[in-house]
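As structure tokens, the structure follows; a few thoughts come after it.
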Amino acid sequence: MNTQFWVVQAFNGVSYGALLFLIGSGLSLIFGVMRIVNLSHGAYFLWGGYIALSVIHFTGSWALSLPVAALAVALIGLAMERLFLRSEGLAFLRTAVIASGVGVLIGLAISAKWPALIGGGWIQFTTLTVLATIAMYFLFSRISIVPVDTDVLRQVLLTVGFAFLFQQAALDIWGGNNMDINPPPAFTQSIVVGGVYLPLYRVFMIGMAVAIGVVLWLVMEKTRMGAAVRATVDDAQMARGVGIDTNRVSMFIFALGAFLAALGGVIGGAFLGIYPGLDFEMLPLAFAVVIIGGMGSLGGAAIGALAVGLADNFGKALFPEISYFTLYAPMVLILAVKPTGLFGRE
Amino acid sequence: MVSTNVKILIVAVGLLAFAYIVPQSGSFVVLLATRAMAFAILAMSVDLLLGFTGMSSMGQAAYFGVGAYLTAVLATKFHFGMGWDFWLVVVMGILIGCALAALFGLFAIRAGGVYFLMITLALGQCVWGLAYRWNSLTGGDNGINMSGRPNFGLDLGNEVTFFYLVFAFFAVSMILLYVLVRSPFGRSLAGIRERELRMQILGYNTWLHKYIAFVIAGGFGGLAGVLWAHTNGHVSPETVVLTTSVDSLLMVVLGGAGTLVGAAIGTAIVFGLREFLSTLVPWWQYALGGVYVLTILYLPMGLMGIPSRFRQRTQSKDEGAKKLASKPS
């Protein structure tokens, strides 16, 4: 264990922290603004990676895959927030989405259980699904939903439900194999600093996270929208009282959070790989970032990401048998001493 | 309203019918029911916290996991617990669950609401991290394979015998928890759930009440873990993973939080869906995700809450009709 070991491990830790910042900062902002513990955040990460793979497959452009994947997942997040995490408005659309989901499942179930009944044809299957959807629409439009706006536990379980749906959908669309996102060859080289080889891609990751962090900071501190976001984090009711449209703020933050997580998925996919189950692997780490840094604090998320990245790397290198323990135990201690995290506000 | 005695009678008859029918329904159903009952003990312990005390723990799998790992490690490394000493392992499993909850409770109980959720998540991840990485003790990702079940005159290797044993544990746990929540202690827990501040003002030590409930729930979690290990003959980090904790929460909410029977019914439904569907179709997880989403959106009180939701509805209709009738035309 010479200096080189420490430098390399610290560098790896910082670059992993850069990735964790992308997934953690969004989670933190979503919690701060909406008080929602979003357990489908890992799924956004995974979907970002998978969509990027498809974009690369069809266009061959890695650079294009970054914005496309991130924007696509931001749209998914936006739809989820508008339709299911808020109660007012769009009741028709919500019922339609639920009814068609249940309708497709009924169609699939019937064709799996009694294949003879519908002959396995596409037309029969579609007819069956449409009929089931219409029936379900009438059923569900007669039952009112119970808003989840204030109930933390129900929000958690709802987002878990979506995480499972996303997981299965990813499995159906992209299959169960471990896939890699290959960045352009220019990034696969290493640079040598003081006799230590540093992979260029990890340098890029750090640069990317710093750039995004700076942009986010500027948006939060210098723009009107950022001020509205900060006001909502501090006291949503008061913010509404002074005329801030917190509804729009939530929408913006949820989409932004999904965008950042998906970006993390594309960037992280190059060295983590993209595979089923990655979503629930990243999720607790993202929570560790948020908890250590304090929910709703951008600077906290940066410090938390750095701390978790370093703790994870050094833990795995120095005490492999208890490496995750060395990561989560400090998190418990921080929470026990200061439940709102290091930089969170009461 | 159905009176309490009638409700108890319905549950008792239901349980006896269950114990009578299942063993005649083939080995697949017997194993499925055994697994579900072992897990239902965990779900009921979650219900004690969530439904009766108002604490939503995201780390209940930790106690389940230590119970299961204790059983597996003792059985494979020390050949302990495969005869009469099985009962000792049961006691040790309960005690280790209590002990871990007693330790974790010191950190967790202080926090309220979403912070309690977070800290129990972190505590659960601590145990998962150890199970996943501590290769020399837990076998890491591969877990521990156990060979056979205990035999002490009663051969638990027989699926039906084992089913009856787990059934007995399940029924006794349900009765004990029922007695607990109906006791004055249980009533004060419900008071804390409804309004903690008021209970504090009335002079209750709410921290201690919550702590004791947390420790008891840990003990039942440990018991469930011991039974789970013997049911599957295999213990892996999957037992302690975050989704196990979240699943147990869903089962409680699906059945109806604050009703122990609901927790058991919720467990039965989730297990039934998962195990039956996964043998039939590859997309069973859509159904599970769908159950999560639909339960949360449409059935916040769970299946046990359906009657009261109907009653509410007809009541509000009646009131609406009355209002219309009393309006001067």
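Order of the sequence lines fixes the chain letters, A, B, ..., with proteins taken first and strands second; residue numbering starts at 1 for each chain.
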- Task: Taking the six-membered ring for Trp and the single ring otherwise, decide whether the centroids of B/Y286 and A/F164 are under 6.0 Å apart.
- Result: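 No; A/F164 has its ring centre 6.0 Å or more from that of B/Y286.
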Residue pair [X] / [Y]: nearest heavy atoms and the distance that separates them:
X: A/I291; Y: B/M118; result: CD1-SD, 3.4 Å
X: B/R110; Y: A/V337; result: NH2-O, 4.1 Å
X: A/P284; Y: B/L242; result: CG-CD2, 4.4 Å

- Message: Applying side chain to side chain contact (heavy atoms under 4.5 Å, CB included) to B/V241 and A/F280, what does each step give before you reach the verdict?
- Response: CA-CA 9 Å; B/V241 84; A/F280 276 99; over 6 Å; no
Rounded distance (nearest 0.5 Å) linking atom [atom1] of [X] with atom [atom2] of [Y]:
X: B/W284; Y: A/L105; atom1: CH2; atom2: CG; result: 13.5 Å
X: A/R94; Y: B/L297; atom1: CZ; atom2: CG; result: 7.0 Å
X: B/Q125; Y: A/F287; atom1: CD; atom2: CZ; result: 10.5 Å
X: A/L157; Y: B/T295; atom1: CG; atom2: OG1; result: 9.0 Å
X: A/L165; Y: B/Q285; atom1: CG; atom2: CD; result: 8.0 Å

- Taking atom CE of B/M301 as the centre, does the number of heavy atoms from other residues, nucleotides or ligands within less than 6.0 Å exceed 12?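 12 or below, so no.
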- Heavy-atom neighbours of B/W134 CH2 exceed 12 at 6.0 Å: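 Incorrect, the count does not exceed 12.
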- Any residues in residues 97-109 of chain B near chain A, with a heavy-atom distance under 4.5 Å, and which are they?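 The residues closer than 4.5 Å to chain A, in numerical order, are B/F107.
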- Neighbourhood of chain B inside residues 326-333 of chain A, taking heavy atoms under 4.5 Å as contact: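 The list, in residue order, reads A/Y328, A/A329, A/M331, A/V332, A/L333.
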- Proximity breakdown for A/V104 and chain B, heavy-atom pairs closer than 4.5 Å: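 When you check distances to chain B, no heavy atom of A/V104 falls under 4.5 Å.
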- Provide the full list of salt bridge (Lys or Arg N to Asp or Glu O under 4.0 Å) pairs with a residue in residues 274-283 of chain B, sequence neighbours left out, each pair given once.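 Matches after skipping sequence neighbours: B/R35-B/E275, B/D247-B/R274.
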Under 4.5 Å from a heavy atom of chain A, the part of [X] involved:
X: B/L117; result: side chain
X: B/L137; result: neither
X: B/L249; result: both
X: B/Y132; result: side chain
X: B/T243; result: side chain
X: B/V246; result: both

- Passes ring-ring contact (aromatic ring centres under 6.0 Å, His included), A/F140 versus B/Y298? Steps please. CA-CA 9 Å; A/F140 283 117; B/Y298 293 101; 4.9 Å; yes
- Message: Quick check on side chain to side chain contact (heavy atoms under 4.5 Å, CB included): which of A/D151, A/L153, A/V152 does B/S56 satisfy it with?
- Response: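 Of A/D151, A/L153, A/V152, side chain to side chain contact (heavy atoms under 4.5 Å, CB included) with B/S56 is met by A/L153 alone.
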- Task: Sequence neighbours left out, what passes ring pair (Phe, Tyr, Trp, His ring centres under 6.0 Å) with A/F319? Give chain and number order.
- Result: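 Ring pair (Phe, Tyr, Trp, His ring centres under 6.0 Å) check on A/F319 returns nothing, list empty.
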